[in-house]
Amino acid sequence: MNKAKVLVTGGAGFIGGNFVQYMIKKYPNYDIYNLDKLTYAGDLSKHSEILEEHNYFFVNKDITDTESINNLFDNEKFDYVVHFAAESHVDRSILEPDVFIKTNILGTHVLLEASKKYNVKKFMHISTDEVYGELDFDPNTFFTETSPIMPNSPYSSSKASSDLLVRAYYETFGLPVNITRCSNNYGPYHFPEKLIPQTISKALKNERIPVYGKGENIRDWLHVSDHCTAIDLVLHKGEDGSVYNIGGHNEKTNLEVVQTILKVLGKSEELIEFVSDRLGHDKRYAIDPTKIESLGWKPVYDFDTGIIQTIQWYLENEEWWRQILNGEYQENFKQLYNLE
Ligand code: NAD
Ligand code: DAU
């Protein structure tokens, strides 16, 4: 295994954080740089166990800051960039779209320019199945890599815009890129504003659990550790310029997800509160993973085993999500890392 310098953006977030830990353990010869602005969604406490690892480095930067990003690339000469950093929550994009445009589109452009200028060997863009818009409830229809890009929310349209920029840097400048489009992730360190961790934490606190509309919308759930193995595979084996959809055929209605969690926790379904629907709420997402499977990828978890593992993790790590809900974690890790 050769040495390599890998820049992971958004490595203090949910998926980027899991990926950083996965890479540190799997590739001791790789230097892993976690670049993160530490927005409300960034949390470094999750990395306390890898802080002393010889191959882990943290960089507190904003991907939209061109000068600072260029300086970093000039100093470090990265081999690979794995780009997770983004504003990721659909509901927030409906309330305040501006930061989604800035971070997800402009930030990606800043990184593409730096990657081109400093001859990065691979730019991995972590995108989402939401760029394809929505499917109807016909269970035989799936998103493939050639499905039209038809995003419906400010979040998904900002991600789609960034995907198009990544494509352009391959087509125009020959920058070696891959785009991955994954379905909904769940697992350890999922930020408790999202459906699954919110349901677990509210159920444990015996609070009402909001379900949008009638809970009929369908998402295709993938355990975050399976997403990490897929990204690793594409990083090393992906064909330059290619898009890979990632998903494990785990479609569930939102109501089924909430009912499953309540059952496992032994809580009453009376906690469920049906509330107004999300604006522009996509009906159904479902991935056809044939292309990534042909590279040799196979998920370890199905939803039934993954959700039990995840609930267990939230039970064992109550301090982590309670701190986040109390807003204490920002202050704690700022002190820990001597950040402004
Ligand atoms: P997250 O919101 O948990 O984490 C995002 C991270 O990016 C945070 O640590 C945040 O501090 C950082 N960040 C935000 N703006 C930044 C900036 N300007 N500069 C530097 N860092 C910044 O997100 P997530 O759920 O882990 O998603 C990661 C990526 O994966 C996103 O690009 C998202 O679109 C994509 N994705 C997410 C899912 C999912 O189910 N969560 C599924 C498919 C794809
Ligand atoms: O499909 C991949 C996407 O999955 C990622 O690109 C996004 O970054 C990620 O946030 C996720 O988007 P969703 O909007 O699907 O995830 P969320 O957890 O917000 O919602 C899941 C479903 O649950 C969705 O249909 C809306 C519904 N929901 C959500 C919340 C927060 C509720 O019914 N009640 C809620 O309180």
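Just so you know, ligand 1 is whichever comes first in the structure, and atom 1 is the first atom listed for that ligand.
- Between His190 and ligand 1, no N or O atom pair is found at a separation short of 3.5 Å.
- When only interatomic distances are considered, the shortest N/O to N/O separation between Asp36 and ligand 1 falls below 3.5 Å.
- At a threshold of 4.5 Å between non-hydrogen side-chain atoms, the residues Lys194 and Gln198 do not count as touching.
- The shortest N or O to N or O distance between Asp91 and ligand 2 is not under 3.5 Å.
- Every N/O-N/O distance between Tyr285 and ligand 2 stays at or above 3.5 Å.
- Under the 4.0 Å criterion applied to side-chain N and carboxylate O atoms, Arg284 and Asp220 are not assigned as salt-bridge partners.
- Distances from atom 29 (C) of ligand 1 to the heavy atoms of Tyr285, Phe84, Phe14 show the closest one on Phe84.
- Less than 4.0 angstrom separates some heavy atom of Asn184 from each of these atoms of ligand 1: 40 (O).
- Close placement of the Phe78 and Tyr33 rings is indicated, their centers lying within 6.0 Å of each other.
- Checking Arg278, Gln198, Lys194 against atom 36 (O) of ligand 2, the nearest heavy atom belongs to Gln198.
- Distances from atom 5 (C) of ligand 1 to the heavy atoms of Gly42, Gly10, Ser183, Ala86 put Ala86 nearest.
- Between Tyr40 and ligand 1, no N or O atom pair is found at a separation short of 3.5 Å.
- The shortest N or O to N or O distance between Asp43 and ligand 1 is not under 3.5 Å.
- The shortest N or O to N or O distance between Asn217 and ligand 2 is not under 3.5 Å.
- A continuous path of hydrophobic side-chain contacts links Trp313 to Ile308 [ILVMFWY only; heavy atoms under 4.5 Å].
- An N or O contact shorter than 3.5 Å links Pro210 to ligand 2 by distance.
- The distance criterion of under 3.5 Å between nitrogen or oxygen atoms is not met by Cys182 with respect to ligand 1.
- Because its NZ or CZ atom is both nearer than 6.0 Å to the ring centre of Phe173 and within 45° of the ring axis, Lys116 counts as a cation-pi partner of that residue.
- Contact detail for Leu222 and Gly248: the closest heavy-atom pair is CD1-N, 3.8 Å.
- For atom 35 (C) of ligand 1, the closest non-hydrogen atom of the protein is Ile126 O, 4.0 Å.
- Any N or O atom pair closer than 3.5 Å counts here, and His227 shares no such pair with ligand 1.
- At the shortest separation from atom 8 (O) of ligand 2 among protein heavy atoms lies Ser88 O, 2.8 Å.
- Ligand 1 lies less than 4.0 angstrom from a heavy atom belonging to Thr103.
- When Phe143, Tyr132, Trp221, Tyr155 are checked for heavy-atom proximity to atom 5 (C) of ligand 2, Tyr155 turns out nearest.
- Geometrically, Arg278 does not engage Tyr212 in a cation-pi contact defined by less than 6.0 Å to the ring centre and at most 45° from the axis.
- Ligand 1 has a nitrogen or oxygen under 3.5 angstrom from a nitrogen or oxygen of Tyr155.
- Of all the atoms in ligand 1, the ones that sit under 4.0 Å from a non-hydrogen atom of Ala85 are 7 (O), 21 (N), 22 (C).
- Between atom 44 (C) of ligand 1 and the options Ser127, Gly16, Ser156, the minimum heavy-atom separation is to Ser127.
- Distances from atom 2 (O) of ligand 1 to the heavy atoms of Ser88, Gly187, Gly13 show the closest one on Ser88.
- Every residue two or more places apart in sequence or in another chain was checked for a ring pair (Phe, Tyr, Trp, His ring centres under 6.0 Å) with Trp297, and none qualifies.
- Protein heavy atom nearest atom 31 (C) of ligand 2, with residue, atom name and distance: Glu193 O, 3.4 Å.
- Selection from Leu195, Thr253, Asn184 by nearest heavy atom to atom 16 (O) of ligand 2 gives Asn184.
- Looking at Thr64, Ile63, Ile15, Asn18 and measuring to atom 19 (N) of ligand 1, the nearest heavy atom belongs to Ile63.
- What you find for Asp163 and Ile179 is that their closest heavy atoms are O-CD1, 3.5 Å.
- Within the 4.0 Å heavy-atom shell around ligand 2 one finds His281.
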